[in-house]
Amino acid sequence: MLNKKQIRFCLDTMERMFPDAECELVHENPFELVIAVLLSAQCTDVLVNKVTKSLFAKYKKPEDYLEVTLEELEQDIRSIGLYRSKAKNIRKLCQVLLEQYDGEVPNTIEELEKLAGVGRKTANVVASVAFGVPAIAVDTHVERVSKRLGICRWKDSVLEVEKTLMKKVPEEEWSDTHHRMIFFGRYHCKARNPECPECPLLVICREGQKRMRKEEKERQV
DNA sequence: CTCCCGATAT
DNA sequence: ATATCAGGAG
């Protein structure tokens, strides 16, 4: 596990690598953001943006999603995976927004998490990006990067990873850190071919060093 | 835990 | 061919 100084080194290095990291889901308001993040489960941002471009042109308000049939909505988001459950969740979510929140998106993590298709991670993203609530959403990238670097333990659950990050990162840096870790995971410390040889964090990364040793060993065979 | 699931990179 | 992608619900 990394100590305080090493974690500081990680945060500073990621800031240098990705100074402008921010939410890459294209949206113009909190409602569009909720839909976009809900759609982004197990799917790349690039594809989500491709779909929401036409989707948001057709559906502006919660009412719009309820005026078409479920099948039509499914077809409009079909190129995204998991489209049947996502279409159902969007409709449930829109119903609740209209019935309980006057058509507006709630601005607390607790309220957001109650919405259909909105779990811990999505609630954190929306609260943080749309409403400036300090939060660290732990997605696949944040989890992988935290575990590889040794910020948390391999066996930790996503909730434990989130708790650890909130404890070890100053609150005023939560939002930026969250986005930088995603960029770091998406473009550098990738799931498949992490760029360990050129990684400025290799000096403190046990997983990276392990991978380098393994590569060296295979080269000798 | 399993299921949902198409697009893309490797 | 297979792993992976800003996960969540049952």
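Values below: every heavy atom of this structure, side chains too, minus hydrogens, waters and symmetry copies. Below, read A as the first sequence line, B as the second, and so on, with proteins coming before strands; counting in each chain starts at 1.
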Sugar-phosphate, base or nothing in reach of A/L25, heavy atoms under 4.0 Å: base
5' priority, DNA chain C, between A/A116 and A/H141 [closest heavy atom]: A/H141
Letter per nucleotide, 5' to 3', of nucleotides 5-10 of chain B [B base touched, S only sugar-phosphate touched, - untouched; heavy atoms, 4.0 Å]: BBSSBB
Residue pairs fulfilling salt bridge (charged side-chain N to carboxylate O under 4.0 Å, His left out) with at least one residue in residues 164-174 of chain A, sequence neighbours excluded: A/R8-A/E173
Aromatic plane relationship, A/Y65 with A/Y59 - under 30° parallel, 30 to 60° tilted, over 60° perpendicular: parallel
Whole angstrom value for the distance that separates P of C/dG8 from NZ of A/K114: 17 Å
Whole angstrom value for the distance that separates C1' of C/dG8 from CG of A/D139: 14 Å
Rounded distance (Å) that lies between atom P of C/dG7 and atom CD1 of A/I90: 16 Å
A/R153 vs A/T164 side-chain heavy atoms within contact, under 4.5 Å: no
Heavy-atom pair with the smallest gap, counting every atom of A/L165 and A/S146: CD1-OG, 3.8 Å
Atom pair distance, as rounded to whole Å: CG in A/L112 and P in C/dG7: 17 Å
Salt-bridge contact A/K163-A/E160 (side-chain N to carboxylate O under 4.0 Å): no
Value in whole Å for how far the P atom of C/dA9 lies from CG of A/L93: 10 Å
For atom CD1 of A/I35 and atom P of C/dG7, their distance in whole Å: 17 Å
Interatomic distance at C1', C/dC5 relative to B/dC5, whole Å: 12 Å
Minimum side-chain heavy-atom gap A/N124-A/E162 below 4.5 Å: yes
Members of residues 157-179 of chain A that approach DNA chain B, where some heavy atom sits under 4.0 Å away: none
Rounded distance in Å - NZ (A/K88) to C1' (C/dG7): 17 Å
Presence of salt bridge, A/K190 and A/E195, under 4.0 angstrom: yes
Sugar-phosphate, base or nothing in reach of A/L115, heavy atoms under 4.0 Å: sugar-phosphate
Partner of A/R186 by side-chain hydrogen bond (donor to acceptor under 3.5 Å, both in side chains), out of A/T140, A/T44, A/D45: A/D45
